[in-house]
Structure formats: C-alpha cells, structure tokens
Amino acid sequence: MSRAWFIVWALVIWQVAAWAFAPQKTAQRPAAPVDGPGYGSNEEIFVDGRADLRRETALAFERPYGSRCAGEGRKQFVAHIDYYYYRRQNDMEHYPKIFGKAGADYIAKQWSTGDDKRFERLTQEAYAQGYLALSDFGDVGRKLAEAVVRGERVVAHSCAS
C-alpha cells in the first residue's frame, strides 16, 4: 500500500513541477483594426458612460450663471465641460486607430446626438459671453472646443471683475 501512495505522490509532485517550470505563453498583441461594427465587446459600458457624461454636462450647463465665474461653482462648471470635450475628442481620435473606418463612422455617429449639438451651441454661447475661455480646457479637449467656438466672437466679459 505504501508503494502505491509513493507513486501517486511522485506523480502529483511531477505534475506540479511541470506546471511551475513550464514556459509562459507570450503576451497577446493588441487587436489589429477590424472591418467590423466599429467597436469592441465592452461598447455597452462606453455607451452607458457617454449617456452619464451627457447628463452631467447638461447639469453643468444648467448651473446658475452667477456660479460660473468664481469659486467652487466655476471649478465644477469648467471641469464638467472640459471633461465632456476631452472624452469626445479622445474617442474621435482612438476609435479610428483601433477599428479603422468602421470605428470612425461609428463614433462620429455616437457623438452626433441632439444633446451633443445642444452642448456645442451652449459652449459657443458661454464662450461668447465670457464664461468660458479656451485656456480653461486641457490639451485634448481644447482641440475640439477650438473647432466648436471657431468663428465666435467674445461679446461680453461676464466674469470680469
């Protein structure tokens, strides 16, 4: 009986050693662009994230005008608008890199809702009234914000002291 246990334990130890010292698999390469739907398997999460972002951005534009100029109100207003443009620009740059033309077409459609058009108009108004400046935006978000306010003139300096 002890000889049978010895053989079983020897086999178990041999199996564990084989697993422990086996060569590791090489890391997977990033997926190449695909000619598919223009998005990956986690897209449902990103769709929900864009919906949440739009809700937060709408709330930022609904803040009282007086709170847009100073203190915590201004900080939150600018942060929400900047983050909206950051996410939008980031998606517009990365979906085509990952998914090719299908990704570019898909994400352009995703960022062309009625809310997005409304945010562009509200951004133009806030810029023209002096509540927003291009210097309020980070590098990524500024790219898109510049395109949105191109041609707008600052007609008021609502936040000037």
Side-chain angles (χ1 to χ4, degrees), residues 22-161:
Q24 293 183 346
K25 293 181 182 178
T26 58
Q28 296 268 341
R29 292 184 181 169
V34 296
D35 293 330
Y39 55 85
S41 60
N42 291 334
E43 187 60 23
E44 185 177 334
I45 296 166
F46 299 133
V47 168
D48 291 343
R50 284 191 288 274
D52 290 342
L53 178 61
R54 287 184 182 103
R55 273 191 295 279
E56 292 295 321
T57 304
L59 290 173
F61 277 117
E62 291 172 6
R63 290 179 173 277
Y65 284 87
S67 73
R68 294 181 178 187
C69 291
E72 191 62 30
R74 172 149 182 83
K75 189 186 307 184
Q76 289 179 3
F77 175 69
V78 168
H80 280 93
I81 307 307
D82 178 42
Y83 187 61
Y84 168 80
Y85 282 104
Y86 167 84
R87 282 278 310 278
R88 188 170 164 182
Q89 179 66 30
N90 193 50
D91 283 356
M92 299 297 281
E93 290 176 3
H94 287 92
Y95 272 68
K97 288 179 186 175
I98 299 168
F99 303 107
K101 182 173 174 4
D105 294 344
Y106 170 78
I107 204 61
K109 184 176 178 183
Q110 293 299 305
W111 286 111
S112 298
T113 69
D115 282 337
D116 298 315
K117 300 296 183 203
R118 180 172 154 247
F119 297 153
E120 290 175 7
R121 182 181 50 78
L122 290 170
T123 300
Q124 291 165 347
E125 289 175 9
Y127 177 79
Q129 294 170 0
Y131 292 111
L132 280 175
L134 290 175
S135 61
D136 292 329
F137 294 89
D139 291 340
V140 176
R142 187 178 304 136
K143 292 177 191 177
L144 185 55
E146 284 175 344
V148 168
V149 301
R150 186 174 294 129
E152 292 294 319
R153 286 181 337 135
V154 178
V155 295
H157 295 284
S158 301
C159 289
S161 320

**Prompt:** Does a side-chain N-to-carboxylate-O contact under 4.0 Å join Asp105 and Lys101?
**Reply:** yes
**Complete:** For Tyr106, the ring pair (Phe, Tyr, Trp, His ring centres under 6.0 Å) test, sequence neighbours excluded, returns Tyr39
**Prompt:** Tell me the disulfide bond (SG atoms under 2.5 Å apart) pairs involving residues 42-126, sequence neighbours left out?
**Reply:** Cys69-Cys159
For residues 58-68, which side-chain donor-acceptor pairs fall under 3.5 Å, sequence neighbours excluded?
residue: Arg63; atom: NH1; partner: Gln76; partner atom: OE1; Å: 3.4
residue: Arg63; atom: NH2; partner: Gln76; partner atom: OE1; Å: 2.4
residue: Ser67; atom: OG; partner: Pro64; partner atom: O; Å: 2.8
residue: Arg68; atom: NH2; partner: Phe61; partner atom: O; Å: 2.7

Going by side-chain hydrogen bond (donor to acceptor under 3.5 Å, both in side chains), name the residues that satisfy it together with [X], two or more places apart in sequence or in a different chain.
X      : value
Asp116 : Arg54, Tyr84, Thr113
Asp82  : none
Glu120 : Arg88
Glu93  : Gln89, Lys143

Residues two or more places apart in sequence or in another chain: which of them pass salt bridge (charged side-chain N to carboxylate O under 4.0 Å, His left out) with [X]?
X      : value
Asp52  : Arg55
Asp91  : Arg50
Glu146 : none
Glu152 : none

Side-chain contact test, heavy atoms from C-beta onward, threshold under 4.5 Å: evaluate it for [X] versus [Y] and give yes or no.
X      : Y      : answer
Val78  : Phe137 : no
Met92  : Leu144 : no
Leu132 : Phe77  : yes

**Asked** How far apart are the closest heavy atoms of His80 and Thr57, and which atoms are they?
**Response** O-OG1, 4.2 Å
**Item:** Tyr131 versus Asp136, closest heavy-atom pair with distance
**Value:** O-OD2, 4.3 Å
**Item:** Partners passing side-chain contact (heavy atoms from CB on, under 4.5 Å) against Ala70 (at least two apart in sequence or in another chain)
**Value:** none
**Asked** Does Arg87 use its side chain to pair, donor to acceptor, with the backbone of Gly141 at less than 3.5 Å?
**Response** no
**Request:** Report yes or no: does Arg142 contribute a side-chain atom to a donor-acceptor pair with the main-chain N or O of Leu134 at less than 3.5 Å?
**Result:** yes
**Prompt:** More than 12 foreign heavy atoms under 6.0 Å from CG of Asp48: is that the case here?
**Reply:** yes
**Chi angles and distances behind the side chain to side chain contact (heavy atoms under 4.5 Å, CB included) call for Arg121, Glu125** = CA-CA 6 Å; Arg121 182 181 50 78; Glu125 289 175 9; 3.0 Å; yes
**Request:** Consider only side-chain N and O atoms of Thr123 and Tyr85, and report whether a donor and an acceptor are under 3.5 Å apart.
**Result:** yes
**Prompt:** With under 30° as parallel and over 60° as perpendicular, where do the rings of Tyr95 and Phe99 fit, or are they tilted in between?
**Reply:** tilted
